[in-house]
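Note that these values count all heavy atoms, side chains included, but never hydrogens, waters or copies made by symmetry. Sequence lines set the chain letters: A, B, ... in the order given, protein chains first and strands last, and positions in each chain run from 1.
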There are 2 protein chains.
Amino acid sequence: MNVCVTTLLREKGFKVTPQRLAIYNVLAASKAHPSAEMIFHQLQPIYPTMSLATVYKTIEILKELGLIQVLNAGEDSFRYDADTSNHSHICCQRCGRVDDLHGIDSTEFVQQVVKATPYRITGQQFYFYGVCPECAAKE
Amino acid sequence: MNVCVTTLLREKGFKVTPQRLAIYNVLAASKAHPSAEMIFHQLQPIYPTMSLATVYKTIEILKELGLIQVLNAGEDSFRYDADTSNHSHICCQRCGRVDDLHGIDSTEFVQQVVKATPYRITGQQFYFYGVCPECAAKE
DNA sequence: GTGCATGCAAAATCTTTGCAGACAA
DNA sequence: TTGTCTGCAAAGATTTTGCATGCAC
């Protein structure tokens, strides 16, 4: 996995730095769709000199390389996902967590849109909102 | 339409002011899903003393009253839509416009998710991305 | 007249940019 | 060695808050 990132970075003329690998690794290892701030805090103990600016700059590069996708679930900040496969997300309106929704077939739905719109479609994002089981149990 | 807003505001203990009506009217009359800044600029000629803070405060109230929905299509700012019916949106990646997608049936898609997730689902937002006909023609 | 609303300015957030020293190749 | 990268600080952009004056009721 890191081999892939390393190769891709070099191919596109970017240097391979410990910070860049660390940031990608956090994203690849997490299912929580962390924001820049969350990545920064998670790396703080290991890279005490790490700066938020570096996180943002690296995210920009990872986006450009197609290694991550950007989520915008209605919060004030963006979240990032190293799983670039086509999948929906569901957000808990109580605790704010964002989970993946795998195994959903959206082809029929997307096909309807392709037929109905004059746009040339290049991508899509589906967000569901609700209450996660943990928060529901508390209520 | 304004009757409705007026009544709703009063019912919930909010005062009916020209600014609030004007802001709602901009949203109700527009299909462009304007941001706070866009609403502000559109009202500038008519209400030269209008402040951005008032736009934001009013949006907060309209949201609370269920008169508008908030869009988050991946830009730095939020957009607002006075059409609160269940519909998807499509965003042009060239010019940034956001259009409605009506007449799409998402029930089957949503049902799949309801069955697959342990969340109690309360809502959803579907964003499509692509190139609008105008921008496609220019390319 | 009372109390909420407006509008200004300042603050709070999130993100980007500029630049000097540091590091990958 | 060379050119890019890091990390700090400052700047930008969007949104929120505090407060004095003004307006709806």
* Residue list, ring pair (Phe, Tyr, Trp, His ring centres under 6.0 Å) with H87(A), at least two apart or on another chain -> H89(A), H102(A)
* Structure fact -> Closest to the 5' end of DNA chain D, once A36(B) and G13(A) are matched to their nearest nucleotides, is G13(A)
* Heavy atom of residues 46-57 of chain B under 4.0 Å from DNA chain C: which residues? -> T49(B), M50(B), S51(B), A53(B), T54(B), K57(B)
* Do NZ/NE/NH1/NH2 and the carboxylate oxygens of R94(A) and E139(A) come within less than 4.0 Å? -> yes
* **Pairwise side-chain contact, T54(B) with M50(B), heavy-atom cut-off 4.5 Å (strictly under)** => yes
* Inspect the contact between K63(B) and E60(B) and indicate whether a charged nitrogen and a carboxylate oxygen are less than 4.0 angstrom apart. => yes
* **Basic-acidic side-chain contact under 4.0 Å: K12(A), E64(A)** => no
* To do: For D83(A) and Q69(A), test the side chains for any donor-to-acceptor distance below 3.5 angstrom and give the result as yes or no.
  => no
* Asked: Are T122(A) and Q93(B) side-chain neighbours, meaning at least one heavy-atom pair lies under 4.5 Å?
  -> yes
* Asked: Of T6(A), T7(A), L8(A), which is the lone residue that meets side chain to side chain contact (heavy atoms under 4.5 Å, CB included) with C4(A)?
  -> L8(A)
* Structure fact -> The bend of the helix from dG1(C)-dC25(D) to dA25(C)-dT1(D), taken between the axes of its five terminal pairs at each end and rounded to 10°, is 40°
* To do: Among T17(A), V5(A), I39(A), find the residue that satisfies the side chain to side chain contact (heavy atoms under 4.5 Å, CB included) test when tested with I23(A).
  => I39(A)
* Structure fact -> By nearest-heavy-atom nucleotide on DNA chain C, the more 5' of I61(B) and D76(B) is I61(B)
* Do N72(B) and E75(A) get their side chains close enough for a donor-acceptor pair, meaning under 3.5 Å? -> no
* Separation of dC14(C) C1' from E60(A) CD (nearest whole Å) -> 14 Å
* Asked: With sequence neighbours left out, what residues match F109(B) under ring pair (Phe, Tyr, Trp, His ring centres under 6.0 Å)?
  -> F109(A), F126(A), F128(A), F126(B)
* Asked: So R97(A) and D99(A), salt bridge (charged side-chain N to carboxylate O under 4.0 Å, His left out) or not? Walk me through it.
  -> CA-CA 7 Å; R97(A) 64 186 277 192; D99(A) 279 321; 2.8 Å; yes
* Any salt bridge between K138(A) and E134(A), counting N to O under 4.0 Å? -> no
* To do: Quickly work out the F40(B) CZ to dC8(C) C1' distance and round it to whole Å.
  => 11 Å
* K12(B) has an atom NZ; how far is it from atom P of dC4(C), in whole Å? -> 17 Å
* To do: Go through DNA chain D in 5' to 3' direction and return only the first and the last nucleotide with some atom under 4.0 Å of chain B's heavy atoms.
  => dT14(D) to dC25(D)
* Asked: Is there a residue in residues 14-22 of chain B whose heavy atoms reach under 4.0 Å of DNA chain C, and which residues are they?
  -> F14(B), K15(B), T17(B), Q19(B), R20(B)
* Asked: Within this structure, what is the NE2-to-C1' distance between H41(A) and dC14(C), rounded to whole angstrom?
  -> 14 Å
